[in-house]
Amino acid sequence: MAAIAGHALYQGGHWRVSVRVPTLADRLLEVESRTPPPEPGSAVGLQVLDGWVLPAEA
């Protein structure tokens, strides 16, 4: 799935990176990466192996 990289935050042993997924109504996802993150705004491939879906706050 294609995504656009956003901001990244190093959290000791991994990076937490926000990515925007245009095919999911531009939904913003937070993902973990063990490698240095891409530059914000760059196109990235995204493969979801496991995760949680939480409802939006009302």
Side-chain angles (χ1 to χ4, degrees):
M1 145 183 352
I4 306 297
H7 69 276
L9 176 65
Y10 185 69
Q11 296 193 310
H14 70 273
W15 291 88
R16 182 170 300 274
V17 183
S18 66
V19 294
R20 184 172 40 87
V21 183
T23 57
L24 296 177
D26 276 335
R27 191 157 309 248
L28 192 63
L29 303 176
E30 295 285 327
V31 298
E32 290 183 5
S33 174
R34 301 234 181 266
T35 60
E39 290 293 319
S42 54
V44 295
L46 183 64
Q47 181 181 14
V48 179
L49 301 176
D50 191 14
W52 292 86
V53 177
L54 302 173
E57 291 185 38

About how many Å separate [atom2] of [Y] and [atom1] of [X], when rounded to the nearest 0.5 Å?
| X | Y | atom1 | atom2 | answer |
| --- | --- | --- | --- | --- |
| Glu30 | Arg16 | CD | CZ | 6.0 Å |
| Leu46 | Arg20 | CG | CZ | 13.0 Å |
| His14 | Leu9 | NE2 | CG | 8.5 Å |

Just wondering, are more than 12 heavy atoms of other shown residues or ligands nearer than 6.0 Å to CD in Gln11?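 For Gln11, atom CD is crowded (more than 12 foreign heavy atoms under 6.0 Å).
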
Below 4.5 Å, heavy atoms only, C-beta onward: do Leu29 and Val21 meet side chain to side chain?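 The answer is yes; the side chains approach within 4.5 Å.
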
Taking all non-hydrogen atoms of both residues into account, name the closest pair between Pro38 and Ala5 and its distance. CG-CB, 3.6 Å

Pairing residues for Arg27 by the side-chain hydrogen bond (donor to acceptor under 3.5 Å, both in side chains) criterion, not counting sequence neighbours: none

With clusters defined by side-chain heavy atoms of hydrophobic residues (ILVMFWY) lying less than 4.5 Å apart, directly or transitively, does Trp15 cluster with Ile4?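 No, separate clusters.
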
